[in-house]
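None of these values were measured; they are calculated from a predicted model. In this chain, residues are counted from 1 in sequence order.
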Amino acid sequence: MHRREMLRMAAVAGAAGVLTLDGVTFAHADGPGGAGGGPASETRKVTGRLPTGAPDFVHLPVEVPRGVREIAVSYTYDRPAVPAGVQGNACDIGIFDERGTELGGPGFRGWSGGARTEFAISAERATPGYLAGPVRPGTWHVVLGPYTVAPQGLAYEVTVTLRYGPPGVTPAPVYPPQRAKGRGRAWYRGDNHLHSVHSDGKRTPAEVAAAARAAGLDWITTTEHNTTSSHGAWEGLWADDFLILTGEEVTTRNGHVVALGIDPGVFVDWRYRARDNAFGRFSRRIRQAGGLVVPAHPHATCVGCNWKFGFNEADAVEVWNGPYTPDDEIALAEWDNALVAAVRRGRPWLPAIGNSDAHREPQVVGHPQTVVLAEELSRTALLAGIRAGRCWIAESSAVGLSFSASGGRGAHAGIGERLRVDRDAPVTVRLDVTGAAGCSASFVTDQGRLFTTPVPADGKVEWRTTASYAAYVRAEVRHPPADGGAGAFAALTNPVFLGWA
């Protein structure tokens with residue numbers, strides 16, 4: 001049925017603009033399953049058109065009566081042709097329950113972005129991306145997210161179906177353990193940005209886990225777009241030598257951030273822009289939930305991917321996302337500039353990590369991967385290793401690497417550590433790399449790239465410097481360039497710092 005398009009504008013406190021449509025009402029079912037003359041199900045349709053410049057979120061209130069077993073929603077929208085260089089229509093969808101749509105509130109029940117055209121929620125089960133649980137009476141809100149709107153506008157149709165009957169029982173979620181047996185203190189390989197059918201990926205959790213094992217990984221983090229529904233989807237897939245952490249890719253209109261290793265079941269809201277001054281609040285929520293704040297692919301070219309929140313709240317930054325591309329090169333340069341500023345001002349520095357962001361075949365899980373020195377294979381130890389910068393990035397498990405600096409009465413420091421030596425004391429930097437035949441190795445400092453050499457047959461590279469010449473040294477191992485530019489990486493490290501500062 002047709003409804004008025006714009007009834008009232010509203011603003012969620014601290015959130016992007018919201019348009020609230022006229023509500024949908026249903027007759028009250030007289031008993032479960034339509035007993036007493038009530039229907040087994042009821043359906044309502046809402047149509048309308050959104051103009052270019054529509055708010056980020058459009059709320060459709062749905063009055064849910066008692067006795068509902070399941071709520072099902074489907075939607076469609078038009079995709080008219082647009083001129084070259086102009087964005088066409090793209091519209092996401094999700095839902096909040098009777099507890100409300102308050103930013104960071106408890107009402108979230110699921111989000112599928114643009115990956116699905118329909119979903120259903122009941123106590124027993126829910127479509128991937130959505131959370132199973134009772135369909136309680138009250139005002140629910142279907143939420144449309146018009147990501148981009150064509151000049152002609154965006155015509156939509158939303159269909160809501162309520163199915164009546166006994167409510168059923170919600171199964172208790174089974175979350176992955178926080179620790180695996182592992183190998184004690186060791187370097188562990190992980191991929192901490194992955195997608196499955198619980199958002200816009202095509203692999204099932206079982207297929208993601210199998211691909212991770214095949215890639216030689218010790219751990220992964222599940223990071224679906226704006227939902228936690230995958231947190232309980234890994235039962236039977238972890239092992240003594242394979243850890244699964246829970247996370248979320250918080251996908252705002254001004255960039256994406258990986259909430260890495262948060263407590264299972266914790267949801268982090270995404271409905272704000274940089275101008276709303278809300279990111280600090282949700283960064284704190286990530287850390288309070290035991291996780292790390294990691295801006296993802298900060299210079300990616302997809303709509304809404306470019307990072308606009310700054311790095312003051314970050315615990316690490318993703319400088320390598322999937323196959324190495326020019327936007328990764330920009331992210332790396334930005335990170336290195338931040339390193340220079342940090343060491344010269346005596347401020348904390350931001351570690352770099354890399355992840356595959358794999359969604360589907362032929363995207364490769366574990367290309368790249370972050371290799372972390374941790375006391376054990378546990379969430380606490382791995383996140384501590386990343387936070388301290390005791391990590392490096394490899395294109396695959398075929399690449400092995402050690403990198404260190406020594407000098408001054410036998411002092412020694414590895415990746416993410418400080419070699420405490422006098423400013424003019426001799427320092428020897430050593431790189432030992434395997435699986436990188438035909439590559440070149442470079443040592444990069446706060447003064448720039450100071451040493452480059454082909455990787456020798458034995459993989460061992462040495463360079464001598466002083467703390468007065470190089471406040472830090474990091475290693476890059478690159479393949480030969482295919483087009484005269486910088487070659488793709490085989491590996492890169494976080495820095496070793498030199499001196500007493």
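For the atom pair Ser397 OG and Arg189 CZ, the distance stands at 6.0 Å (nearest 0.5 Å). Between the CG atom of Asp218 and the CG atom of Leu243 there is a distance of 9.5 Å, given to the nearest 0.5 Å. A distance of 9.5 Å separates CZ in Arg360 from NE2 in His195, rounded to the nearest 0.5 Å.
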When you look at Leu260 and Leu383, which way does the side chain to side chain contact (heavy atoms under 4.5 Å, CB included) test go after all the steps?
CA-CA 8 Å; Leu260 198 168; Leu383 298 191; 3.2 Å; yes
Let's go through Glu375 and Arg183 carefully: what are the C-alpha distance in whole Å and the side-chain angles of both, what is the deciding distance for salt bridge (Lys or Arg N to Asp or Glu O under 4.0 Å) to 0.1 Å, and is it a yes or a no?
CA-CA 9 Å; Glu375 298 301 318; Arg183 305 184 298 276; over 6 Å; no
Run the salt bridge (Lys or Arg N to Asp or Glu O under 4.0 Å) test on Lys181 and Asp241 for me, step by step, so that the C-alpha distance in whole Å, both residues' side-chain angles and the decisive distance to 0.1 Å come before the verdict.
CA-CA 6 Å; Lys181 184 176 181 180; Asp241 61 346; over 6 Å; no
For Lys202 and Glu207, what are the C-alpha separation, side-chain angles and deciding distance, and is it a salt bridge (Lys or Arg N to Asp or Glu O under 4.0 Å)?
CA-CA 9 Å; Lys202 297 298 184 184; Glu207 290 168 335; over 6 Å; no
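In this structure the side chain of Pro51 never reaches within 4.5 angstrom of the side chain of Val149, judged on heavy atoms. For the pair Thr222 and Pro205, the minimum side-chain heavy-atom distance is 4.5 Å or more. Contact annotation: the side chain of Leu401 approaches that of Trp392 to within less than 4.5 Å [non-hydrogen atoms, C-beta and beyond]. The shortest distance between side-chain heavy atoms of Thr76 and Thr117 does not fall below 4.5 Å. Using a 4.5 Å heavy-atom cutoff, the side chains of Glu476 and Val444 are in contact. Here the side chains of Asn226 and Glu249 are not in contact, with every heavy-atom distance at 4.5 Å or above. Under the 4.5 Å side-chain criterion, counting only non-hydrogen atoms from C-beta, His59 is in contact with Thr101. Side-chain contact between Tyr147 and Arg253 is present, with heavy atoms from C-beta onward closer than 4.5 Å.
Checked by atom type and distance alone, the side chain of Asn89 never pairs as donor or acceptor with a backbone atom of Arg79 at under 3.5 Å.
Closest approach of Ala314 and Pro295 over heavy atoms only: CB-CD, 3.6 Å. Here the closest non-hydrogen pair linking Cys391 and Ala352 is SG-O, 3.9 Å. Between Asn494 and Gly389, the closest heavy-atom pair is CB-O, 3.5 Å. Here the closest non-hydrogen pair linking Asn321 and Asp328 is N-OD1, 3.1 Å. For the residue pair Leu373 and Trp187, the shortest heavy atom distance occurs at N-CE3, 3.3 Å.
One side chain, Ser196 or Glu224, offers a donor N or O that lies under 3.5 Å from an acceptor on the other. A donor-acceptor contact closer than 3.5 angstrom is absent between the side chains of Glu318 and His297.
Ring geometry, Trp307 versus Phe279: the interplanar angle exceeds 60°, so the pair is classed perpendicular (tilted spans 30 to 60°). Phe489 and Trp320 have tilted rings, their planes meeting at an angle from 30° to 60° on a 0 to 90° scale.
In this structure, Arg125 fails the cation-pi test against Phe119, since its NZ or CZ atom is not both closer than 6.0 Å to the six-membered ring centre and inside 45 degrees of the ring normal.
Checked against Tyr272 for a side chain to side chain contact (heavy atoms under 4.5 Å, CB included), the options Asp56, Asn277, Asn254, Leu103 give a single hit: Leu103.
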